[in-house]
Protein chains: 2
Amino acid sequence: MSTKDKILDAAEELFAVKGFNGTSLREITSQAEVNLAAVNYHFGSKKELIKAVMSRYMNELAPNLEKALLAVYEKEQIDLKEVFTAFVQPLLSLNQFRENGTSNFLQLLGRGYTDSQGFLRWFLTTQYPNVIAYFVQAVQKAYPELTPEDMFWRLHFTMGTIVFTMSSSDALLDIAESDFEKQLEIEHLIEQVIPYIAAGVAAPLS
Amino acid sequence: MSTKDKILDAAEELFAVKGFNGTSLREITSQAEVNLAAVNYHFGSKKELIKAVMSRYMNELAPNLEKALLAVYEKEQIDLKEVFTAFVQPLLSLNQFRENGTSNFLQLLGRGYTDSQGFLRWFLTTQYPNVIAYFVQAVQKAYPELTPEDMFWRLHFTMGTIVFTMSSSDALLDIAESDFEKQLEIEHLIEQVIPYIAAGVAAPLS
DNA sequence: GTTCAGTTTAAACGTGCGTTTAAAATAGCT
DNA sequence: AGCTATTTTAAACGCACGTTTAAACTGAAC
């Protein structure tokens with residue numbers, strides 16, 4: 001495996017667990033068993049490394065997500081839950097792309113939103129605008145009474161739910177397992193969250 | 001104003017905007033116009049300062065919150081929305097306690113959850129267990145069909161929504177204001193979020 | 001006026017960070 | 001084999017951080 005890939009793999013894992021700010025290049029290169037300077041040689045800077053880690057996933061995920069969301073949009077009648085369910089398969093298929101792919105990616109997403117003040121928001125909206133556009137389209141068609149302003153807020157609330165849940169998903173799953181004494185996986189978490197956010201977005205207008 | 005209070009005020013403001021990790025003691029003491037060493041003299045360490053900032057709010061908030069939640073619990077019939085609405089007055093009254101109190105506190109809450117890996121969760125559950133207990137009690141009475149496991153997940157999702165929304169509330173309100181061309185306040189955000197989380201927690205069981 | 005606990009101050013300490021440097025090692029090509 | 005471009009390496013750089021030190025200052029008590 002190339003030095004570049006070794007760095008990407010180690011960085012992905014550590015970033016997911018400890019956040020971007022909380023992970024040093026020394027930890028990454030130590031876990032990857034490469035020289036410290038290799039990060040700056042291959043990626044230029046820590047910030048570029050973060051982008052590279054995210055891009056590896058987004059380039060895999062975005063086409064699948066766009067396809068799934070468009071498919072939902074084409075339907076005559078859309079249930080809001082279908083819109084959110086459209087995310088499930090593309091996300092779960094990340095497990096075939098990389099080991100622990102789904103969980104790692106979602107955690108990275110969470111880290112990116114809460115760590116480096118808005119950088120990831122910029123990255124996603126500028127680099128992958130179609131995903132967001134198709135998603136909004138589908139929600140609008142499923143729930144046309146929703147005003148743009150209500151939509152704005154509810155989608156941000158939804159983003160918050162996802163992002164927070166996923167960035168602390170390891171801890172949550174641990175607590176839940178010890179509390180309820182059964183083994184839980186990320187799929188279980190996804191199953192739980194979809195009805196919640198679908199109901200939230202579909203809440204009656206005041 | 002005492003040095004201690006000057007430090008607490010400056011720290012609160014900076015922590016809310018830039019997070020705990022993102023704020024250095026030098027920034028705090030510079031804004032407070034006190035000597036750098038004063039933090040360690042008066043508080044012992046940065047971690048203790050963080051606790052002190054949070055405690056100042058929680059000691060004010062916790063009694064009001066407990067009272068409001070107990071009042072809801074005493075009712076014969078509880079609508080879930082009432083449980084969440086019980087938070088509103090105690091939270092808004094923080095604005096009389098300190099300028100920008102509501103917004104600062106909610107942002108701090110968000111920072112605390114996503115910054116320092118679980119420290120705030122420990123702090124809240126051990127130092128203010130009644131708030132959480134009364135809240136769970138009320139939800140349970142409002143929606144008795146909810147199993148403990150479903151309750152567990154939905155309350156964490158709710159926490160995520162609140163915490164994420166509030167930790168980025170300044171940015172969100174800015175975007176919303178420029179998009180919809182009207183002036184928005186934190187109260188507006190609270191109005192929006194309550195139907196969302198109430199519907200989420202009340203979602204039908206699958 | 002002296003004493004003394006409490007407070008403030010400037011300076012320094014040690015540590016860990018991201019990044020840079022320049023030499024050494026490696027791999028590809030003729 | 002010899003040259004060249006790429007990659008790896010050890011070491012150091014400069015900086016910012018939280019914390020500690022010890023001296024200077026303050027204000028009330030006697």
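Since this is a predicted model, take the numbers as computed values, not measurements. Just so it is clear, the values below take in all heavy atoms, side chains as well, and ignore hydrogens, waters and symmetry mates. Residue numbers start from 1 in every chain, and the chains themselves are labelled A, B, ... in the order their sequence lines are given, proteins ahead of strands.
To the nearest 0.5 angstrom, A:I194 atom CD1 is 9.0 Å from A:F84 atom CZ.
With sequence neighbours excluded, the residues forming a side-chain hydrogen bond (donor to acceptor under 3.5 Å, both in side chains) with B:R98 are B:D9, B:E12, listed by chain and number.
When distances are taken from the side chain of A:N35 to each of D:dT19, C:dT7, D:dA10, the shortest belongs to D:dA10. With C:dT19, C:dC17, C:dT8 as the candidates, the nucleotide lying closest to the side chain of B:T3 is C:dT8. In the set D:dT8, C:dT8, D:dC17, D:dT8 carries the atom at the smallest distance from any side-chain atom of A:H42. Distance from the side chain of B:A37 is smallest for C:dA10 among the nucleotides C:dA10, C:dT8, C:dG18.
When rounded to the nearest whole Å, the span between CG of B:N40 and P of C:dT9 equals 15 Å. Distance A:N21 CG to D:dA16 P: 16 Å, rounded to the nearest Å. In this structure, A:F20 atom CZ and C:dC17 atom P are separated by 17 Å, rounded to whole Å. When rounded to the nearest whole Å, the span between CG of A:D5 and P of D:dT8 equals 12 Å. Rounded to a whole Å, the OH atom of B:Y41 is 15 Å from the C1' atom of D:dA23. In this entry the distance linking CD1 of A:I28 with P of C:dG18 reads 8 Å, nearest Å. The CD1-P distance, from A:I7 to D:dT9, rounds to 10 Å in whole Å. Atom CD in B:E48 sits about 10 Å away from atom P in D:dT19, given to the nearest Å.
Side-chain polar atoms of B:H188 and A:E149 form a donor-acceptor pair below 3.5 angstrom.
A:S2 comes within 4.0 angstrom of nothing in the nucleic acid, heavy atoms only. Using a 4.0 Å heavy-atom criterion, one finds that B:T29 contacts no nucleic acid atom at all.
Heavy-atom nearest nucleotides on DNA chain D were determined for B:L36 and for A:E33, and the one closer to the 5' end corresponds to A:E33.
Two residues are said to be in side-chain contact when any heavy atoms from C-beta on lie closer than 4.5 Å; A:V139 and A:Y73 fail this criterion. The shortest side-chain heavy-atom distance between A:F43 and A:L8 falls under the 4.5 Å cut-off.
The phosphate of C:dG16 has neither OP1 nor OP2 within less than 4.0 Å of any side-chain N or O from A:S24.
In this model, a side-chain donor or acceptor of A:R26 finds a partner on the base of C:dG18 within 3.5 Å.
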